[in-house]
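Just so we're on the same page: letters track the sequence lines, and every chain starts at 1.
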2 protein chains.
Amino acid sequence: MDKQELMLKDYLLQTISATKFHIEYKLPSEYQLVEQFDIPRIKVRNVYTLLEKMGLVYSRKGVGRFIKHQQKPLDVVMTGNISFSEKMKSQTANYKSKLTKFERVAQDHAIYTKADIGQEPLYLVERLRYIDDEPAAIHRSYVVISNMPEIKKIDSRLVSMYQFYQRFGVNEFRSTFSQLSVQYVNEIEREMLNCEVLVPIVKVESDNWDAERNVLLEYTEIIYRTDLFYFQI
Amino acid sequence: MDKQELMLKDYLLQTISATKFHIEYKLPSEYQLVEQFDIPRIKVRNVYTLLEKMGLVYSRKGVGRFIKHQQKPLDVVMTGNISFSEKMKSQTANYKSKLTKFERVAQDHAIYTKADIGQEPLYLVERLRYIDDEPAAIHRSYVVISNMPEIKKIDSRLVSMYQFYQRFGVNEFRSTFSQLSVQYVNEIEREMLNCEVLVPIVKVESDNWDAERNVLLEYTEIIYRTDLFYFQI
DNA sequence: ACACCTTAACTTGTTGCCAAGTTGCGCAGT
DNA sequence: ACTGCGCAACTTGGCAACAAGTTAAGGTGT
C-alpha cells in the first residue's frame, strides 16, 4: 500500500470506529473520496475492498458502501475447568451448538503427526458454535478410541464433551499444554464460520487427560473468530 | 474476492507453505498465472498484493515476486511469573530490548478511562523487543506513580520491570486479570514493529499488583506480532 | 576470446474507461 | 393533486492499456 492508501485506510478506520454502529451507516462514495483526497479512484477502491475483506464494510452495487454492524465481543476464559457451553450461556441468551461431524479419523490425517498421538485410532467430534445465530467457533475433539470406546456410540444429541466424559466415569481432568496461535482461515473454515477473508482466527490446541487413569482422552482444537471474542487468561 | 481470486489465493498459499523457506524463492510471474488459470491480470495482482500485505511475499519491480523468509515462531508462556526477557533468552541467543519512551502520561490519554486506574497520575515505560534484530513486541507499563514514586528516576539502563520492582522492595506480585485480543496494527505501531499491514497483532492487557501492600503497581499492555510467536496458556 | 552496449523480452506499477445497478426528480397523464 | 414512467445522475463492478524497471542475449569492437 502506498502512502495515499495508508492515509485513506486510517481515515476510514477512524470514521468506522467513531460511528455509533447504527445499522446502514453509509460511507462516502468512491468519487467523493477521489475529490476529497485528490487521488485516483483505483486507490480508493483498493482501500474499500480491503476494509470489506476485513469484514468491516459491505457494498451494494449502484447504492453505496456501508459500515457492518459489529457484535460486542464476548469473554472466553482460557483457563479453568468451565466448559465453553457454560461460558457462553452465562453471557448471552442466544447460544447454540451444532454437531457437524462425527467420524473416525483417516489414517493419513495430519493429526497423526502430533507427538502425543502416535498412531492411536482417533474419532473426530466437530461442533459449530453459534452466538446470536452467527457461527462463532469450531470445536474439534479428536478422541482416543482405545481410552474412550463409548465415543463411537455418540449421536446428534451430544451436548457437551465434558458431560459425555462424566457419564462414562471420568471425574478428574488434566491438561498438559494449551497453545494459542493466530492465523487466517482456510476456505472450508471460512465458509463454516461465515466470515470475511481477512478476519483472523485464534486457534487453540490442547489435550485433555483422565487424571485418575492417567490416559489421554482427546486432543482438542478450537477455532475462534477473533472479532467475536476477548480471551481472558 | 470472487471464486477465481479465492482459488488462486489458496493455490499460492499452498505453494508458500510447501516451500522449504529458502531465501529468494521466486514465485510465478503475473502473466504466467494469467495463462495458467485463464483469468484477468488484475485478479492475479489483487491476490499477489493481498499476500504482500499479509507479509508472506515481496515484489521487486522488473524482477518478480518472492516468498519472504519466515522466522520460526517462539513460545511465549502467558501464565506464571517468568519475565518476558527470561522467556525469550531461553529460546534465542539474539534477543534485546530497547527503551523507547519513558514519560508522564498526559491527562487526556485513553488509559484513564480504565476502571481500575481512575485519575491516578501514571508514568509510561515503553520498550520495543527485538528477536534476531527484528522488532517483535511492544511492551508498555503504565506505572502508578503514587505507589512506585521511584519510577520517575529510571533511565535508559532499565533492563526489566520485574528487577526494578524487586530493587524497590516488591517481592510478591499478583495479577487480577489478563485479557488477550486480536487486532490489526495502527500506523504508528506498524512502523515500530516493521511489519506489513495485514499481520495481525495480539494485544494482552493486564495489571500487576504488589501483593503484600495490596496496591496496584502498573497496568500492562503488550503488543505481539502474531507471526513471530505461539502463546502457551 | 572477452567485454561492453543495445535492445528485446521479461517483470511489476499505475490509472482510466466502460459496464451494470440504483435512485430520485421531473414531466405527463388521469 | 396524485401516480407512474423515463431518464439523468448517481453508485459500484470489471478489466485493459500504458509506464517503468530489470535481465539476458546477441552483436560488435578490440
- Could you check N208(B) against E218(B) for side chain to side chain donor-acceptor pair (under 3.5 Å), going step by step and ending with a plain yes or no? CA-CA 5 Å; N208(B) 195 15; E218(B) 66 170 71; 4.8 Å; no

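Distance OH (Y48(A)) to P (dT11(D)): 10 Å, rounded to an integer number of Å. Protein atom CG of L33(A) is 16 Å distant from nucleotide atom P of dC10(D), rounded to whole Å. The distance from atom CD1 of I39(A) to atom P of dT14(C) is 13 Å, rounded to the nearest whole Å. Taking atom CD of residue Q32(B) and atom P of nucleotide dC10(C), one finds them 10 Å apart after rounding to whole Å. Taking atom CD of residue E30(B) and atom P of nucleotide dA19(D), one finds them 18 Å apart after rounding to whole Å. Protein atom CG of N46(B) is 13 Å distant from nucleotide atom P of dA16(D), rounded to whole Å. Taking atom CD of residue Q4(A) and atom C1' of nucleotide dG13(C), one finds them 14 Å apart after rounding to whole Å. Rounded to an integer number of Å, the gap from CD of E52(B) to P of dT14(C) is 11 Å.
Taking for each of R41(A) and D2(A) the nucleotide of DNA chain C with the nearest heavy atom, the 5'-most of the two is the partner of D2(A). Both I42(A) and G64(B) lie near DNA chain C, and the one whose nearest nucleotide falls closer to the 5' end is G64(B). Between Y31(A) and R45(B), the residue anchored nearer the 5' end of DNA chain D, judged by the nucleotide with its closest heavy atom, is Y31(A).
Dashed line: the shortest gap from a side-chain N or O of S59(A) to OP1 or OP2 of dG13(D) is under 4.0 Å. Taking side-chain N and O atoms only, K43(B) has no distance below 4.0 Å to OP1 or OP2 of dG14(D). Residue S29(B) has no polar side-chain atom (N or O) positioned under 4.0 Å from OP1 or OP2 of dC10(C). Of the side-chain N and O atoms in K61(A), none sit less than 4.0 angstrom from OP1 or OP2 of dT22(C).
Residues I138(A) and L193(A) meet the side-chain proximity criterion, which asks for heavy atoms closer than 4.5 Å.
For R65(A) and dG13(D), a side-chain-to-base donor-acceptor distance below 3.5 Å is absent, hydrogens and geometry of angles not being considered. You won't find any donor-acceptor pair under 3.5 Å spanning the side chain of R60(B) and the base of dG13(C), going by distance alone.
By the 6.0 Å contact criterion, CG on D38(B) is open, its count of non-hydrogen atoms from other residues, nucleotides or ligands being 12 or less. Counting heavy atoms of neighbouring residues, nucleotides and ligands inside a 6.0 Å radius, atom CG of D2(B) exceeds 12 of them.
Ionic pairing of E126(A) and K98(A) is not present here: no N-O contact between side-chain nitrogen and carboxylate oxygen is shorter than 4.0 angstrom.
Note: Y142(A) and Y219(A) have tilted aromatic rings, judged against thresholds of 30 and 60 degrees for the angle between ring planes.
For the ring pair (Phe, Tyr, Trp, His ring centres under 6.0 Å) test, no residue two or more places apart in sequence or in another chain qualifies with Y31(A).
Five base pairs at each end of the helix from dA1(C)-dT30(D) to dT30(C)-dA1(D) define two local axes, and these are offset by 30° (rounded to 10°).
Taking CG of L51(A) as the reference point, atom CG of L27(A) lies at 8.5 Å (rounded to 0.5 Å).
Across dT23(D), dT12(D), dT15(C), the shortest atom-to-atom separation from the side chain of P40(A) is found for dT15(C).
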